[in-house]
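Notes to accompany the following structure.
Keep in mind it's a predicted model, so treat the numbers as computed, not measured.
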Amino acid sequence: MLPGLVRASYDTIGINYSDLRRPDPRIARIIDEALGTAKTVLNVGAGAGSYEPADRQVWAIEPSAEMIRQRGTAAGPAIQGTAEDLPFDDDTFDASMASLTVHHWTDKEKGLKEMRRVTRDRIVLLTYDPLFRGFWLTDYFPELITLDEAQMPSIADYEKWLGPVEVSNVPIPHDCSDGFLCAYWRRPAAYLDPRVRAAMSSFWAVGDVTEGLSRLRSDLDSGVWTERYGDLMALEDCDLGYRLVATR
């Protein structure tokens, strides 16, 4: 659970979620390949259904009624519930997945062990390494580092809770369609848009970001941002700390 936020907080954060957090096909391909030959998949903390494979049978668990409401008509069935108490028998699914959600869970260890219980084979997680440093946004909002260190499991935690895992980098395209925190790394002015920030739980959690926004706006207007970070404009994608964790 994020500090200062109530359970199912995406009833508020998620109002325009399906518009701003459209799954990026390149990231979707990475997740789909990691799911292997699984025919049945459970999506935990499923949100509006991002990254659910269309060619498999998918069931979803999501605590927020607002997020379930935004699921597309072609999406699989969704149950309002939490990762920590999955309403399924042991070994019900070939695979299970969770995308950018584990850090929101009240009891991360219990939730992941529940995923292990109901899954016959592979568990695939899109997550973030809290030890990663190097994204320019934290120069303006250093409180994001403190937040990640407090809420994000370490990569070592996944192996401790799930057994042996494979970890791979997930490069973020410069035109990523999924508006998560680091998606606009080559589009810095987007962070000045309150509507864009509204779909990012991190900004909700850290609270008042007026000072950081003022500095970012000033640096963009003066050209300071370009002087410091302009080399990024030549990159098609970038490692920003996002990781795919998959059980072996």
Side-chain angles (χ1 to χ4, degrees), residues 17-18 21-62 71-72 74-78 83 86 88 91-105 108 111-132 152-183 185-186 235-248:
Y17 202 82
S18 59
R21 297 294 300 271
R22 292 174 289 113
D24 188 275
R26 291 150 293 193
I27 297 175
R29 191 177 310 115
I30 292 171
I31 294 172
D32 190 60
E33 289 175 357
L35 289 169
T37 60
K39 292 182 172 59
T40 58
V41 178
L42 175 65
N43 189 14
V44 180
S50 291
Y51 302 111
E52 292 178 0
D55 58 346
R56 313 175 198 241
Q57 289 182 293
V58 178
W59 285 260
I61 289 283
E62 166 58 42
R71 291 177 63 81
L86 297 177
F88 303 104
D91 299 327
T92 296
F93 303 96
D94 294 332
S96 58
M97 59 181 283
S99 301
L100 301 178
T101 178
V102 173
H103 56 288
H104 293 304
W105 300 354
K108 301 167 182 62
L112 288 165
K113 287 184 175 179
E114 274 287 272
M115 289 181 73
R116 179 71 285 169
R117 178 183 66 79
V118 304
T119 306
R120 287 188 289 272
D121 191 5
R122 179 157 267 212
I123 296 172
V124 175
L125 309 168
L126 177 61
T127 187
Y128 183 82
D129 182 356
L131 297 180
F132 179 83
M152 290 283 183
S154 70
I155 298 301
D157 285 334
Y158 293 107
E159 190 152 42
K160 180 172 65 177
W161 297 333
L162 293 173
V165 297
E166 298 171 348
V167 180
S168 55
N169 295 355
V170 179
I172 307 305
H174 73 92
D175 56 351
C176 184
S177 62
D178 189 349
F180 48 73
L181 182 64
C182 299
W185 59 272
R186 220 181 80 172
L235 302 180
E236 293 298 311
D237 57 44
C238 190
D239 178 12
L240 296 166
Y242 292 88
R243 301 291 180 256
L244 194 78
V245 176
T247 56
R248 296 178 185 170

Checklist entry - Hey, what do you get for CH2 (Trp185) to CD1 (Ile172), rounding to the nearest 0.5 Å? => result 9.5 Å
Item to check | Steps toward side-chain contact (heavy atoms from CB on, under 4.5 Å) verdict (Ile61, Leu42) | outcome: CA-CA 8 Å; Ile61 289 283; Leu42 175 65; 4.0 Å; yes
Item to check | Close side-chain approach of Leu181 to Tyr128, heavy-atom, < 4.5 Å | outcome: no
Checklist entry - Any side-chain heavy-atom pair from Val58 and Pro53 closer than 4.5 angstrom? => result yes
Item to check | Test item: Val44 and Glu114 side chains (from C-beta on) under 4.5 Å apart, heavy atoms | outcome: no
Next on the checklist: Any side-chain to backbone donor/acceptor pair from Arg122 onto Thr37? Under 3.5 Å, distance only.
Outcome noted: no
Item to check | Any donor-acceptor pair under 3.5 Å from Arg186 side chain to Pro173 backbone | outcome: no
Item to check | Which atom of Ala46 lies closest to which atom of Arg71, heavy atoms considered | outcome: CB-NH1, 3.9 Å
Checklist entry - Roughly how far, to the nearest 0.5 Å, is CG of Asp175 from CG of Asp237? => result 10.0 Å
Item to check | Contacts of type side chain to side chain contact (heavy atoms under 4.5 Å, CB included), residue Asn169, not counting sequence neighbours | outcome: Asp239, Arg243
Next on the checklist: Using modelled atom types and a 3.5 Å cut-off, is there a donor and acceptor pairing between side-chain atoms of Thr119 and backbone atoms of Ala95?
Outcome noted: no
Checklist outcome for this item: To the nearest 0.5 Å, atom CZ of Phe88 lies from atom OG of Ser96 at 10.5 Å
Next on the checklist: For Asp91, is there an ion pair with Arg120 - N to carboxylate O distance below 4.0 angstrom?
Outcome noted: no
Checklist entry - Less than 4.5 Å apart, any side-chain heavy atom of Leu112 and any of Asp157? => result no
Next on the checklist: Please give me the minimum heavy-atom distance between Val102 and Pro153, naming the atom from each residue.
Outcome noted: CG1-CG, 3.8 Å
Item to check | Considering all heavy atoms, the nearest Glu52-Gly76 contact | outcome: OE1-N, 4.3 Å
Checklist entry - Hey, is the main chain of Thr40 close enough, under 3.5 Å, to the side chain of Asp94 for a donor-acceptor pair? => result yes
Checklist entry - Going by heavy atoms in the side chains, are Trp161 and Lys108 under 4.5 Å from each other? => result yes
Item to check | N/O donor-acceptor pair under 3.5 Å between Trp59 side chain and Phe93 backbone | outcome: no
Item to check | Side-chain donor or acceptor of Arg117 paired with backbone N/O of Leu86 under 3.5 Å | outcome: yes
Checklist entry - When you look at Val124 and Val41, which way does the side-chain contact (heavy atoms from CB on, under 4.5 Å) test go after all the steps? => result CA-CA 10 Å; Val124 175; Val41 178; over 6 Å; no
Next on the checklist: Within the structure provided, determine whether Leu162 and Leu125 are in side-chain contact (heavy-atom separation under 4.5 Å).
Outcome noted: yes
Item to check | Ile123 CD1 to Met97 CE distance, which is reported to the nearest 0.5 Å | outcome: 12.5 Å
Next on the checklist: Just to verify, what does Pro164 make a side chain to side chain contact (heavy atoms under 4.5 Å, CB included) with, not counting sequence neighbours?
Outcome noted: Glu159, Arg248
Checklist entry - Can you tell me how far CE of Met115 sits from CG of Asn43, rounded to the nearest 0.5 angstrom? => result 8.0 Å
Checklist entry - Rounded to the nearest 0.5 Å, how far does CD1 of Ile31 lie from CG of Leu126? => result 5.0 Å
Checklist outcome for this item: Sequence neighbours excluded, the answer for side chain to side chain contact (heavy atoms under 4.5 Å, CB included) partners of Arg29 is Arg26, Glu33
Checklist entry - What's the verdict on side-chain contact (heavy atoms from CB on, under 4.5 Å) for Ile27 and Phe180, showing C-alpha distance, side-chain angles and the deciding distance? => result CA-CA 12 Å; Ile27 297 175; Phe180 48 73; 4.0 Å; yes
Item to check | Backbone N/O of Asp24 and side chain of Tyr51: donor-acceptor pair under 3.5 Å | outcome: yes
